[in-house]
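Quick notes on the structure that follows.
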Amino acid sequence: MSGMANVESFDLDHTKVQAPYVRLAGIKRTPSGDAISKYDLRLLQPNQGAIDPAAIHTLEHLLAGYLRDHLTDVVDVSPMGCRTGMYMAVIGEPNEGGVLRAFEQALRDVEAHDRPIPGVSELECGNYRDHDLTAARQHARDALGQGLKVQETILLSR
């Protein structure tokens, strides 16, 4: 019986990172050699708070579009299970500074969003009643007010 595969985020020392930030969480290579980069887009300090499910759901819907407006080749934007931020997968290897600028611009867009949330109907969303635009906008405002930065990966010393 073999052990479970290693998960990158389980090696991150969550006590030493300083949110809000952008962090390159890893790069995978496809069989043809293409790169897929995964970014940790952290809004809240780990283990010191969590984004309400309705707010993180709204952030997911809004950032899925707004990040694509500011960064090419975004594959996916998904909430972290711990509800402190998002993961983003991108084709290629964009530099962290460019991802940081795209994330800042997308958060400004979320903060200013005053229209209906996209993809919020029974046909488009698996839990369309569970959204909170006011709280999502506040999380964007708070992160921008604290100042985003590029965070290095700090591994646990085991």
Side-chain angles (χ1 to χ4, degrees), residues 5-30 34-115 117-119 130-158:
N6 186 53
V7 178
E8 182 273 341
S9 65
F10 298 165
D11 289 334
L12 178 68
D13 188 336
H14 287 74
T15 67
K16 294 197 173 131
V17 296
Q18 292 296 313
Y21 64 76
V22 167
R23 180 181 70 85
L24 177 62
I27 300 173
K28 298 283 186 188
R29 298 271 174 209
T30 66
D34 297 316
I36 300 173
S37 300
K38 176 181 161 187
Y39 288 89
D40 171 346
L41 307 176
R42 195 74 61 147
L43 294 167
L44 296 182
Q45 186 63 28
N47 298 305
Q48 292 185 18
I51 302 169
D52 180 77
I56 203 160
H57 190 189
T58 301
L59 283 165
E60 175 192 17
H61 278 237
L62 295 175
L63 289 173
Y66 286 136
L67 280 164
R68 285 173 169 89
D69 288 345
H70 301 294
L71 192 65
T72 59
D73 297 324
V74 172
V75 174
D76 185 49
V77 178
S78 303
M80 294 176 173
C82 62
R83 300 189 340 258
T84 60
M86 300 282 172
Y87 283 118
M88 179 179 68
V90 181
I91 296 170
E93 298 181 54
N95 69 54
E96 289 168 307
V99 172
L100 176 72
R101 286 187 296 282
F103 190 34
E104 285 175 332
Q105 291 169 329
L107 287 173
R108 280 191 211 98
D109 293 337
V110 168
E111 182 182 22
H113 191 91
D114 61 358
R115 309 180 299 286
I117 302 160
D130 191 29
H131 283 277
D132 186 339
L133 178 58
T134 301
R137 290 177 66 192
Q138 186 62 53
H139 281 291
R141 186 175 304 113
D142 291 348
L144 289 166
Q146 291 175 44
L148 293 157
K149 64 188 152 307
V150 172
Q151 172 70 57
E152 71 175 294
T153 295
I154 304 170
L155 299 176
L156 291 168
S157 50
R158 299 185 197 228

Tell me, do [X] and [Y] make a side-chain contact under 4.5 Å, heavy atoms counted?
| X | Y | value |
| --- | --- | --- |
| Ile51 | Thr84 | no |
| Leu43 | Leu107 | yes |
| Tyr87 | Pro79 | no |
| Leu12 | Asp40 | yes |
| Met86 | Ile56 | yes |
| Ile36 | Val90 | no |
| Val110 | Leu63 | yes |
| Pro46 | Cys82 | no |

query = Under the criterion side chain to side chain donor-acceptor pair (under 3.5 Å), which of Arg42, Gln151, Lys149 is the partner of Tyr21?
reply =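 Exactly one option meets the side chain to side chain donor-acceptor pair (under 3.5 Å) with Tyr21, and it is Arg42.
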Between [atom1] of [X] and [atom2] of [Y], what distance do you get to the nearest 0.5 Å?
| X | Y | atom1 | atom2 | value |
| --- | --- | --- | --- | --- |
| Asp109 | Gln105 | CG | CD | 7.5 Å |
| His70 | Phe103 | NE2 | CZ | 12.0 Å |
| Leu133 | Ile117 | CG | CD1 | 5.0 Å |
| Leu156 | Asp13 | CG | CG | 5.0 Å |
| His113 | Tyr66 | NE2 | OH | 4.5 Å |

inquiry  = Heavy-atom count check: over 12 atoms from other residues, nucleotides or ligands less than 6.0 Å from Asp34 CG?
reply    =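 Count over threshold, so yes.
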ask   = Judged by atom type as modelled, is there a donor-acceptor pair below 3.5 Å linking the side chain of Ser37 to the main-chain atoms of Gly92?
value =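 Between the backbone of Gly92 and the side chain of Ser37 there is a qualifying donor-acceptor contact (under 3.5 Å).
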Sidechain-backbone polar pair: Thr58 side chain, Ala54 backbone, donor-acceptor under 3.5 Å =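 Yes; at least one donor-acceptor contact below 3.5 Å.
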Can you see which heavy atom on [X] is nearest to which on [Y], and at what distance?
| X | Y | result |
| --- | --- | --- |
| Leu67 | Ala102 | CD2-O, 3.9 Å |
| Ala143 | Pro20 | O-CG, 3.5 Å |
| Ala136 | Ala55 | CB-O, 3.8 Å |

Charged N-O contact under 4.0 Å between [X] and [Y]:
| X | Y | answer |
| --- | --- | --- |
| Glu111 | Arg137 | no |
| Arg83 | Glu60 | no |
| Glu8 | Arg23 | yes |

ask   = Passes salt bridge (charged side-chain N to carboxylate O under 4.0 Å, His left out), Glu93 versus Lys38? Steps please.
value = CA-CA 9 Å; Glu93 298 181 54; Lys38 176 181 161 187; over 6 Å; no
key: For His57, ring pair (Phe, Tyr, Trp, His ring centres under 6.0 Å) partners two or more places apart   =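 Applying ring pair (Phe, Tyr, Trp, His ring centres under 6.0 Å) to His57 gives His61, His131.
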key: Met88 and Val74: CA distance, side-chain angles, deciding distance, side chain to side chain contact (heavy atoms under 4.5 Å, CB included) verdict   = CA-CA 7 Å; Met88 179 179 68; Val74 172; 4.1 Å; yes
task = Assess the side chains of Gln138 and Arg141: does a donor N or O sit below 3.5 Å from an acceptor N or O?
result =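 Distance-only check passes for Gln138 and Arg141.
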